[in-house]
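The structure under discussion appears below in the form of C-alpha cells.
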Amino acid sequence: MQQQAQISPKFLYDARGCALFEQITQLPEYYPTRTEAAIMARYESAMAQAMSGCQVLIEMGAGNCEKVRRLCRSLAPQQFVGVDIAGDFLQAAVARLGQDFPQLKASAVAADFTADWQLPPDVPLARRELFYPGSSIGNFDTLQALHMLQHMRSLLNGDGGLLIGIDLPKSLPVLIAAYDDAQGVTAEFNLNVLSHVNSLLGSDFRATDWVHEARFDVQHSRIEMHLRARHPVMVRWPQGLRCFAQGESIHTENSYKYPLPEFLSMLASAGFGRSQVWTDEQQWFAVIHAQA
C-alpha cells in the first residue's frame, strides 16, 4: 500500500488561495475569525496592558494585516513587521497599513514558518511583541508547533511576549461545517492547491478529478482536510508519476483543536513564562498572552 500522499498546507496560500481564505473568514459557518475578533474587542484594554511598552509589533501570518489594526491603535508601536509566506500579497497589505498609520514604520518579511526564519537586522530586539492570530498554530503537528513556539521565544527579549489565538475543542457538527461550508468556498480553496502545485512542479493535476473532504481525527483532536480521488487518477510531473486509486486521498491540512491546559503546557515547554488567557462565553476559542 502506498504511503499517504500529502501536500504541505503552506502551498494553499498562493495569491488566489489567500483571496479564497479571506472569503472563508466571512462565511457564517467559519466561527474562528468572528469569535477571535469578539474576544479581541472585549478584552482590548487588558491585552494592551499585558503588552504595554511594545515598541516593535510583529505579526506572523499577517495576510491582509486587518487583525493587527486594533493593536496598532491600542499599543501605538514604533515599528510593525508583517511576516507571511505569500510575499506579494503581504507587501500590498503592509503598504496599506503604513498609509493608514503614517507614524508607524511598517515592513514586510516573506518567510516560511516551517523554517528557522529570522527578522531583518534593523528590527530592534527590545520590547518586541509577537502576534500570531487565527489559530494558525493548529495547522502544524504538535512537535512542529512546539518547535515553532521555541523559535518564536528565541526572537524575543525578556521584556517581550507572544499574543496567540488557538481554537478549542467543540462539537463535531460545528467543526465539520467550518471546514466544509455550504457555499463550497473551502472546497474551492482546497482544490486550488492543485493548480499551485502544477505551477511549481510542472505536474498535471486536474481539479475535476478530486473532491474536497473534511474529517475529524478524534485521537489527535484535529480536523483534517483531504482531496479524495473521484476515480482512478494518474498524475505526472517531470521527475515521475503517481497513480491514485478511486477514493484515495491527498492530505492537505490539519487544524488541531488544543485543550487549553495542553497548549499552556506547550508554551511553558517552549520557554515562555506567565500566561494570561481570554475566551468567549462558549469556550470555543482562546487568545493567550505569554511573557517571554
Side-chain angles (χ1 to χ4, degrees), residues 21-22 24-28 30-84 90 93-108 123-124 126-138 149 152-153 155-168 170 178 257-258 260 263-264 267 272-292:
F21 186 72
E22 282 198 62
I24 289 170
T25 64
Q26 304 301 315
L27 294 170
Y30 196 76
Y31 62 85
T33 302
R34 63 175 179 271
T35 307
E36 182 181 50
I39 295 169
M40 296 284 293
R42 182 174 182 180
Y43 298 105
E44 179 178 2
S45 61
M47 292 179 190
Q49 185 175 358
M51 304 169 76
S52 63
C54 170
Q55 294 183 18
V56 183
L57 182 58
I58 303 156
E59 182 179 11
M60 297 176 56
N64 62 11
C65 295
E66 288 301 313
K67 292 181 178 182
V68 81
R69 289 173 177 269
R70 183 181 297 277
L71 290 176
C72 287
R73 287 191 294 268
S74 60
L75 297 176
Q78 297 174 11
Q79 188 169 352
F80 169 77
V81 183
V83 186
D84 205 295
L90 175 66
V94 168
R96 289 193 299 270
L97 187 74
Q99 291 170 359
D100 294 342
F101 293 88
Q103 79 286 0
L104 187 67
K105 179 184 178 182
S107 58
V123 178
R127 309 309 290 261
R128 289 178 178 178
E129 289 284 344
L130 282 170
F131 179 43
Y132 194 24
S135 69
S136 299
I137 191 73
L149 291 171
M152 290 179 214
R153 174 62 186 82
L155 297 171
L156 297 169
N157 205 358
D159 57 2
L162 166 68
L163 188 69
I164 187 168
I166 65 163
D167 201 9
L168 303 174
K170 58 188 62 64
K257 311 304 173 186
Y258 285 105
L260 187 55
F263 194 78
L264 292 175
L267 284 169
F272 285 95
R274 185 172 68 90
S275 295
Q276 292 177 257
V277 180
W278 301 276
T279 64
D280 59 290
E281 292 179 358
Q282 297 182 92
Q283 302 279 300
W284 278 9
F285 201 95
V287 179
I288 303 164
H289 183 262
Q291 293 183 331

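On a predicted model such as this, the values are computed, not experimentally measured, just so you know. Note that the numbering runs from 1 along the sequence shown for the chain.
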On the 0 to 90° scale, with breaks at 30° and 60°, tag the Trp284-Tyr31 ring pair as parallel, tilted or perpendicular.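 Because their plane-to-plane angle is over 60°, the rings of Trp284 and Tyr31 count as perpendicular.
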
So, for [X] and [Y], which heavy atoms are closest and what is the spacing to 0.1 Å?
X      : Y      : result
Phe285 : Asp280 : N-OD1, 2.9 Å
Asp84  : Gly63  : OD2-N, 2.9 Å
Ala46  : Trp278 : CB-NE1, 3.7 Å
Leu156 : Ala292 : CB-CB, 3.8 Å
Phe80  : Val94  : CE2-CG2, 4.2 Å
Glu129 : Ala50  : OE2-O, 4.4 Å

Would you give the length of the straight line joining atom [atom1] of [X] to atom [atom2] of [Y], rounded to the nearest 0.5 angstrom?
X      : Y      : atom1 : atom2 : value
Gln276 : Gln291 : CD    : CD    : 7.0 Å
Leu75  : Leu163 : CG    : CG    : 9.0 Å
Cys65  : Phe101 : SG    : CZ    : 10.5 Å
Ile137 : Tyr132 : CD1   : OH    : 5.0 Å
Leu104 : Cys72  : CG    : SG    : 5.0 Å

Any pair with a residue in residues 42-55 that passes salt bridge (charged side-chain N to carboxylate O under 4.0 Å, His left out), sequence neighbours left out, goes on the list, sorted by first then second residue, please.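 Non-adjacent pairs meeting salt bridge (charged side-chain N to carboxylate O under 4.0 Å, His left out): Arg42-Glu281, Glu44-Arg70.
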
Could you list all the salt bridge (charged side-chain N to carboxylate O under 4.0 Å, His left out) pairs where at least one residue sits in residues 30-39, not counting sequence neighbours?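 Applying salt bridge (charged side-chain N to carboxylate O under 4.0 Å, His left out) to every pair that reaches into residues 30-39, excluding sequence neighbours, yields Glu36-Lys67.
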
Which residue pairs pass the side-chain hydrogen bond (donor to acceptor under 3.5 Å, both in side chains) test with at least one member in residues 47-59, sequence neighbours excluded? none

May I ask you to test the [X]-[Y] pair for a side-chain heavy-atom distance under 4.5 Å?
X      : Y      : value
Met51  : His289 : yes
Ile164 : Leu149 : yes
Gln79  : Pro124 : yes
Ile24  : Thr33  : no
Gln26  : Glu22  : no
Leu260 : Ile166 : yes

For Ala38, check side chain to side chain contact (heavy atoms under 4.5 Å, CB included) against everything at least two apart and list the hits. none

Test of understanding: with side chain to side chain contact (heavy atoms under 4.5 Å, CB included), list the residues that count as partners of Gln283, not counting sequence neighbours.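 Side chain to side chain contact (heavy atoms under 4.5 Å, CB included) check on Gln283 returns Thr279.
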
Counting only N and O atoms by type, is there a donor-acceptor contact under 3.5 Å from the side chain of [X] to the main-chain atoms of [Y]?
X      : Y      : answer
Thr35  : Pro32  : no
Arg128 : Ile58  : no
Asp159 : Arg127 : yes

Could you go through Leu267 and Leu162, starting from their C-alpha distance and side-chain angles, then the distance that decides it, and tell me whether this counts as side chain to side chain contact (heavy atoms under 4.5 Å, CB included)? CA-CA 10 Å; Leu267 284 169; Leu162 166 68; 4.1 Å; yes

Suppose we screen for salt bridge (charged side-chain N to carboxylate O under 4.0 Å, His left out). Which residues come up paired with Asp167, at least two apart in sequence or across chains? Lys170, Lys257

